[in-house]
Amino acid sequence: MDENCKSKSATDQFIESEKQKSSEKRSSSTGVTEKLTTNSEQIKDYSCPTCLSYVSEGIECSSCLHWFHQKCASIPDDVFEYLSKSDDSWNCRQCNSPMPDLLFGRLNGHQQISDCLNTAYMEIVSWQKNLFMLPRGKAARDFLSELSRLITLFTCDTKWKPFALKLVHIFIPIMLQKPSPRSKAAINARYLKDRLELWGKGDIDKLMSQCREIQRNIKKSKIQNADQR
């Protein structure tokens, strides 16, 4: 049998040696534990839920197991340094927030929220297609920020997880419902801003009422056009 088959070649041994040196160098230079790391091999599949960008150095939440940048998690330098040297667990803001009851506007508790979202969803899926293109400006950025937050509620395994995707499904058509057939971008942006304020207050009833009226006008317009033919 060839000698190379019996044992590792000198080249293989050299590569393994260099890998070991590199690993030791990273460990000594970062001074971190398994909870805090800059080892890209360990966190290559993780992105910060706050900014959605790659985490090259950060901290892992002990509850949801997501990685956060120090800045995104609002951790002071002295606390971050302490956590890097201790075995203490750390929980992100979402997991650390006490939420005995879920609140969304006037809706209180799982059952009320579930009933409201399911009712809204079943109505929305029957709507005529009537969405405007996302306009430029602050309203659009706020829309994308809220959409990202809703998705994070699902991916971070929070208490909102059972409702997060349903919230996404109703959020988009409610926010982007075209107020009139020929509404311009500036008008759409104003409506989007107002709707985001109502959404922030959890006023699903008022939002649905507005969109319901828009859908009724669409049906009326189609009937009138058909009669004119």
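If you're wondering where the values come from, they're calculated on a predicted model, not measured in any experiment. Note that the numbering runs from 1 along the sequence shown for the chain.
In this structure, Asn91 CG and Ile59 CD1 are separated by 9.5 Å, a value rounded to the nearest 0.5 Å. In this structure, the separation between CG on Leu198 and CD1 on Ile174 is 10.5 Å, given to the nearest 0.5 Å. For the atom pair OH (Tyr54) and NE2 (His69), the distance works out to 9.0 Å, reported to the nearest 0.5 Å. Distance CG/Leu107 to SG/Cys116: 4.5 Å, rounded to 0.5 Å. The CG atom of Asn130 sits 3.5 Å away from atom CD1 of Ile218, with the distance rounded to the nearest 0.5 Å. Considering CG of Leu147 and CG of Leu134, their distance stands at 9.5 Å, rounded to 0.5 Å.
Using modelled atom types, one side-chain atom of Thr119 and one backbone atom of Asp115 make a donor-acceptor pair closer than 3.5 Å. The closest donor-acceptor contact from the side chain of Ser209 to the backbone of Lys206 lies at 3.5 Å or more, if one exists at all. Proximity of a side-chain donor or acceptor of Ser126 to a complementary backbone N or O of Glu123 within less than 3.5 Å is detected. Remark: the backbone N or O of Thr155 is paired with a side-chain donor or acceptor of His66 at under 3.5 angstrom.
Scanning all heavy atoms of the two residues, the minimum distance from Thr50 to Cys72 falls at CB-CB, 3.7 Å. Closest approach of Ser89 and Ser62 over heavy atoms only: CB-OG, 3.2 Å. Taking both residues in full, the closest heavy atoms of Val55 and Cys48 are given as CG2-N, 3.4 Å, listed atom of the first, atom of the second, then distance. For Val125 against Met122, the heavy-atom pair with the smallest separation is CG2-O, 3.1 Å. The minimum heavy-atom distance linking Leu192 with Phe132 is given by the pair CB-CZ, 4.3 Å. Heavy-atom minimum distance, Ile151 versus Val168: CG1-CG2, 4.1 Å.
Salt bridge Lys201/Glu197: absent, no basic N to carboxylate O contact under 4.0 Å. Remark: Asp205 engages Arg106 in a salt bridge, criterion side-chain N to carboxylate O under 4.0 Å.
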Given the rule in the side chain to side chain contact (heavy atoms under 4.5 Å, CB included) test, do Phe68 and Ile75 qualify, once you have shown the distances and angles that lead to the verdict? CA-CA 10 Å; Phe68 294 80; Ile75 303 175; over 6 Å; no
Taking it one step at a time, do Trp67 and Ser47 satisfy side chain to side chain contact (heavy atoms under 4.5 Å, CB included)? CA-CA 7 Å; Trp67 289 84; Ser47 296; over 6 Å; no
Assess whether side chain to side chain contact (heavy atoms under 4.5 Å, CB included) is satisfied between His169 and Ile124, documenting all intermediate values. CA-CA 9 Å; His169 283 303; Ile124 288 173; over 6 Å; no
What's the verdict on side chain to side chain contact (heavy atoms under 4.5 Å, CB included) for Leu65 and Glu60, showing C-alpha distance, side-chain angles and the deciding distance? CA-CA 6 Å; Leu65 304 182; Glu60 182 187 38; 4.0 Å; yes
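Contact check for Glu57 versus Gln70: no side-chain heavy atoms found under the 4.5 Å cut-off. No side-chain heavy atom of Leu167 sits less than 4.5 Å from a side-chain heavy atom of Phe154. Using a 4.5 Å heavy-atom cutoff, the side chains of Leu207 and Arg195 are in contact.
The same ILVMFWY cluster, assembled from side-chain heavy atoms under 4.5 Å apart, contains both Leu196 and Met208. There is no path of hydrophobic side-chain contacts, each under 4.5 Å, that joins Leu165 to Leu150.
Counted within 6.0 Å of OH on Tyr191, heavy atoms from surrounding residues, nucleotides or ligands total 12 or fewer; the atom is thus considered open. Atom NZ of Lys178 sits in a crowded spot, with more than 12 heavy atoms from other residues, nucleotides or ligands closer than 6.0 Å. For Arg136, the CZ atom is loosely surrounded, since the number of other residues' heavy atoms within 6.0 Å does not exceed 12.
At a cut-off of 3.5 Å, with distance as the only test, a side-chain donor of Asn188 or Ser183 sits close to an acceptor on the other residue. A donor and an acceptor atom, one from each side chain of Gln210 and Asp194, are nowhere located under 3.5 Å apart. There is a side-chain donor-acceptor pair under 3.5 Å between Gln177 and Gln215.
Judged as a side chain to side chain contact (heavy atoms under 4.5 Å, CB included), and not counting sequence neighbours, the contacts of Arg149 are Glu146, Leu153. With sequence neighbours excluded, the residues that form a salt bridge (charged side-chain N to carboxylate O under 4.0 Å, His left out) with Lys161 are Asp157.
Partner of Phe171 under the ring-ring contact (aromatic ring centres under 6.0 Å, His included) criterion, chosen from Phe104, Trp199, Phe163: Trp199.
Here the two rings, on Phe80 and Trp90, have centers that are 6.0 Å apart or farther.
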